Amino acid sequence: MYSTASESASAAAQSRDVDTAEPIAPGEMIREAESTTRQRVLQLVVEEGPISAAALGSELQLTAAAVRRHLDAMTEQGILEVKNVTTRRRGAGRPSRRYVVSERGQRTMGDDYLGLVQTALTLLQDDSETQDEQAAPDAAAGLAREYFAGFEQRWEAELGQIQDLDARTDRLSELFNEEGFAGFTRLVGRDNPLLAMQSTQLCQGHCPIREIAAAHPVFCEEETDMISRLLDVDVRRLSTQAAGAHVCTTHVPVGREKLAAEQRARAAAHAEAELQISAADGATHQSRKVSGGRKRIVISPRQQERLS
């Protein structure tokens, strides 16, 4: 049985709980907003780095002071690095400060080692049971093929249904992004009058197996081969994080494929026109054959006088 005093004490306690909870909510919201903004800044540096503070502020619609606060904090933590870049526009003046993700920053984004190590152990065990020492295959190459085969098997059916190469490349970048590779694309040469010069750069701002790929470049080679098969076009690797670049970049010759498609379409149209002309010539030849092959000659009156 509760007394009135007990009810009052309970109500007071509830009131105190509410009163003490409300004042800290704004602070938590501010910290959450700060964290979200910092993640947006980091993501854009991953995708666009090296990038300046001004470009970041313009892209994210933030003030210069707000952007620099996040950049300075992440630089102090070792997540970002500053690259001094001298451009032709700036001439011999002071270099521009650009930001890229540091090696430590790459590690904070996650490393996909557990699945890789498990696969390695399985492969090495199978090799030891079925192969002798002289015939044993290259373990790193086998591991690389097995690792990327998992991605290819999951993605090939969906990508195979996308006919347009640009759209297929965009979707592949999204799939890489979902797997932690921070995938995105850049369009190159779209204002170039030569169609064959147009291309797309498939980029990866994060490599979960960066350190293993640095020790065994065959991982980058296998990934490039997988990209080529999934896009059904010859691609070329321009840079890799394993070799020291801040982003992995793969050149996809979109314009060359479009030009080849146009040439095939023109060739088909020309062949169809030739077929129609041949059919028409055949009909004319047949009518001449029926009439005996005789030709009608028209001469002028003056020519008639000369003949007579």
Side-chain angles (χ1 to χ4, degrees), residues 43-52 54-56 58-59 83 85-91 95-96 98-101 148 151-152 155-156 158-179 181-207 213 217 219-273:
Q43 183 65 28
L44 195 57
V45 173
V46 167
E47 296 181 0
E48 300 293 337
I51 186 171
S52 65
L56 282 167
S58 176
E59 185 74 20
K83 299 287 185 181
V85 179
T86 301
T87 62
R88 293 181 179 178
R89 182 177 300 178
R90 296 180 69 90
S96 173
R98 305 294 175 87
Y99 294 86
V100 297
V101 179
F148 288 108
F151 296 113
E152 187 170 359
W155 298 346
E156 61 182 347
E158 177 183 353
L159 292 173
Q161 297 176 358
I162 304 175
Q163 297 298 321
D164 182 71
L165 182 55
D166 257 334
R168 195 157 66 247
T169 306
D170 281 336
R171 181 54 186 155
L172 180 55
S173 74
E174 294 173 356
L175 293 170
F176 269 124
N177 192 56
E178 293 170 3
E179 294 292 338
F181 287 82
F184 59 97
T185 57
R186 293 172 177 162
L187 304 182
V188 179
R190 298 312 166 105
D191 56 348
N192 195 310
L194 298 177
L195 180 62
M197 298 301 293
Q198 296 183 2
S199 65
T200 297
Q201 289 184 353
L202 175 62
C203 303
Q204 297 153 264
H206 176 59
C207 178
F219 280 87
C220 296
E221 297 169 6
E222 286 294 334
E223 185 182 42
T224 304
D225 291 343
M226 179 193 71
I227 293 173
S228 181
R229 289 191 297 269
L230 289 173
L231 296 181
D232 194 24
V233 65
D234 291 332
V235 302
R236 181 163 55 93
R237 211 64 183 266
L238 302 181
S239 64
T240 64
Q241 294 180 48
H246 70 276
V247 63
C248 299
T249 306
T250 304
H251 173 85
V252 182
V254 175
R256 191 176 66 190
E257 291 299 302
K258 291 181 179 178
L259 183 61
E262 289 187 1
Q263 290 174 343
R264 288 194 296 269
R266 286 197 296 268
H270 180 73
E272 180 66 22

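One-based numbering along the sequence shown. Not measured: the values here are computed from a predicted model.
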Glu156 and Arg229 ion-paired at < 4.0 Å:
no
Does any part of the side chain of [Y], heavy atoms only, come nearer than 4.5 Å to the side chain of [X], both counted from C-beta?
{"X": "Val247", "Y": "Phe184", "result": "yes"}
{"X": "Phe219", "Y": "Phe148", "result": "yes"}
{"X": "Phe151", "Y": "Leu230", "result": "no"}

Let me confirm one number: the [atom1]-[atom2] distance from [X] to [Y], rounded to the nearest 0.5 Å.
{"X": "Ile227", "Y": "Leu159", "atom1": "CD1", "atom2": "CG", "answer": "11.0 Å"}
{"X": "Met226", "Y": "Leu231", "atom1": "CE", "atom2": "CG", "answer": "9.0 Å"}
{"X": "Gln198", "Y": "Asp166", "atom1": "CD", "atom2": "CG", "answer": "8.0 Å"}
{"X": "Leu172", "Y": "Asn177", "atom1": "CG", "atom2": "CG", "answer": "11.0 Å"}
{"X": "Asp234", "Y": "Thr224", "atom1": "CG", "atom2": "OG1", "answer": "12.0 Å"}
{"X": "Leu175", "Y": "Glu158", "atom1": "CG", "atom2": "CD", "answer": "5.5 Å"}

Output, in order, the C-alpha distance, side-chain angles, deciding distance and verdict of salt bridge (Lys or Arg N to Asp or Glu O under 4.0 Å) for Glu178 and Arg171.
CA-CA 11 Å; Glu178 293 170 3; Arg171 181 54 186 155; 3.7 Å; yes
[X] (side chain) donor-acceptor with [Y] (main chain) under 3.5 angstrom:
{"X": "Ser228", "Y": "Val233", "value": "yes"}
{"X": "Ser173", "Y": "Asp170", "value": "yes"}
{"X": "Gln241", "Y": "Ala213", "value": "no"}
{"X": "Thr169", "Y": "Leu165", "value": "yes"}

Just checking Asp232: does its CG atom have more than 12 heavy atoms from other residues, nucleotides or ligands closer to it than 6.0 angstrom?
no
Assess whether atom CD of Glu59 is packed by more than 12 heavy atoms of other residues, nucleotides or ligands within 6.0 Å.
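It does not: Glu59 CD has 12 such atoms or fewer within range.
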Testing the 3.5 Å rule here: is there a donor-acceptor pair between the side chains of Thr249 and Arg236?
no
Could you check whether Arg237 and Thr250, counting side-chain N and O atoms only, form a donor-acceptor pair closer than 3.5 Å?
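Yes, side-chain donor-acceptor contact under 3.5 Å.
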Kindly give the heavy-atom pair with the smallest separation between [X] and [Y], and that separation in Å.
{"X": "Ser52", "Y": "Arg98", "value": "N-CD, 3.5 Å"}
{"X": "Arg190", "Y": "Ser199", "value": "NH2-O, 3.2 Å"}
{"X": "Ala167", "Y": "Ile162", "value": "CB-CG2, 3.7 Å"}

Residues His246, Val101; criterion side chain to side chain contact (heavy atoms under 4.5 Å, CB included); working and verdict:
CA-CA 7 Å; His246 70 276; Val101 179; over 6 Å; no
